[in-house]
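The sequence lines fix the lettering, A, B, ..., with proteins before strands; numbering per chain opens at 1.
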2 protein chains.
Amino acid sequence: MPASHQDQPVFRALADPTRRAIIAMLSDGPRPIADIAAEFDMTRPAIAKHLAILKEGGVISVEAQGRERINRLNPQALKTAADWLNTFDRFWDDRLAALKSLVETS
Amino acid sequence: MPASHQDQPVFRALADPTRRAIIAMLSDGPRPIADIAAEFDMTRPAIAKHLAILKEGGVISVEAQGRERINRLNPQALKTAADWLNTFDRFWDDRLAALKSLVETS
DNA sequence: TTTATATGAAACCTTTTGGTGTTATGTCAA
DNA sequence: TTGACATAACACCAAAAGGTTTCATATAAA
């Protein structure tokens, strides 16, 4: 899987430590903004901006539920980035690479 | 493998499309700066800055050779980022996840 | 030794990023 | 219906990012 121009929003989303922490947090289940913001030493608008960038990257989807907006992780976007990185896994993991190609061609 | 503060320089290095292109380029073998810069519509100092950021992230190492400086890919740093992302692979690849745990415990 | 080449390094500029505070809006609950 | 709550939507700011041009320095080659 070659480097694609389309990957940019995902990698941008991953570039900030706060956003990676949000990703990890949402992997335990969806949450509203205020709930997320409570975990950080940062104002809610700042978190809202991070969520907007995560959404642009397709990393989360947002669903309105009454007056709350539920943020849900969309792992497929992470797979995009993982796929690109795993292109290089021949450099560090020959055993796994061999197995993977076996599985994928079966 | 949990999100680590230590990962930041690597993810920062990956955030720019030019730098990802350089990474892909160096995966075919080490190159001097001018050689890399020739492939981009950008001045050499700009490329030099990107290389500095890649080096900060541990993604490349630089070795002086006469008046040239050879830039060599260091895949281990990429593994750091890949490991973090692959933490989420249970969401998209159950078959591979199962196999992986099998391999890793053998 | 002179000249060309490969790079480093500094000064500068514009845009983006990551924050803040404030105000407006829609929804739930008393 | 009134008040509290969850969020959106500014306007604003400082610092970092991503470029540029210019100049200095070290090495190779003529």
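A/Lys79 meets the salt bridge (Lys or Arg N to Asp or Glu O under 4.0 Å) test with A/Asp83; sequence neighbours excluded. Listed by chain and number, the residues in a side chain to side chain contact (heavy atoms under 4.5 Å, CB included) with A/Pro9 amount to none (sequence neighbours excluded). Shown here are the side-chain hydrogen bond (donor to acceptor under 3.5 Å, both in side chains) partners of B/Arg19, two or more places apart in sequence or in another chain: B/His50. Qualifying side-chain hydrogen bond (donor to acceptor under 3.5 Å, both in side chains) partners for A/Gln76, counting only residues two or more places apart in sequence or in other chains: none.
Note that the CD1 atom of B/Ile70 and the CD1 atom of B/Ile60 stand 11.5 Å from one another [nearest 0.5 Å]. To the nearest 0.5 Å, the span separating CD1 on B/Ile36 from CG on B/Asn71 amounts to 4.5 Å.
Shown for residues 63-73 of chain A: residues whose heavy atoms fall under 4.0 angstrom of DNA chain D, namely A/Arg67, A/Glu68, A/Arg69. Residues from residues 41-48 of chain A with heavy atoms under 4.0 angstrom of DNA chain C, sorted by number: A/Met42, A/Thr43, A/Pro45, A/Ala46.
Regarding B/Phe40, its CZ atom lies at a distance of 10 Å from the P atom of D/dG19, rounded to whole Å. Rounding to whole angstrom units, CG of residue B/Asp35 and C1' of C/dA6 are separated by 12 Å. The CD1 atom of B/Ile36 sits 9 Å away from the P atom of C/dT7 (whole-angstrom rounding). The interatomic distance linking B/Arg31 (CZ) with C/dA6 (P) rounds to 15 Å, in whole Å. Atom CD1 in B/Ile33 sits about 10 Å away from atom P in C/dA9, given to the nearest Å.
The cluster map of Ile, Leu, Val, Met, Phe, Trp and Tyr, joined by side-chain heavy atoms under 4.5 Å apart, puts B/Val62 and B/Leu78 in the same cluster. Note on A/Val10: it clusters hydrophobically with A/Met25, by side-chain heavy-atom contacts below 4.5 Å among ILVMFWY residues.
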Under 3.5 Å between N/O atoms: give me all the protein pairs with nucleotides 13-17 of chain C, atom names plus distance.
unit_1 : atom_1 : unit_2  : atom_2 : d
C/dT17 : OP1    : A/Arg12 : NE     : 3.1
C/dT17 : OP2    : A/Arg12 : NH2    : 3.0

Throw together a table of side-chain donor-acceptor distances under 3.5 angstrom for residues 39-49 of chain B, partners on residues two or more places apart or in other chains.
unit_1  : atom_1 : unit_2  : atom_2 : d
B/Glu39 : OE2    : B/Arg31 : NH1    : 2.9

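Aromatic ring pairs are classed by plane angle as parallel below 30°, tilted from 30° to 60° and perpendicular above 60°; the pair A/Phe88 and A/Phe91 is parallel.
Side-chain nitrogen and oxygen atoms of B/His50 include none within less than 4.0 Å of the OP1 or OP2 phosphate oxygen of D/dA17.
Sequence neighbours left out, the pairs with a member in residues 53-63 of chain B that pass salt bridge (charged side-chain N to carboxylate O under 4.0 Å, His left out) are B/Arg12-B/Glu56, B/Glu63-B/Arg72.
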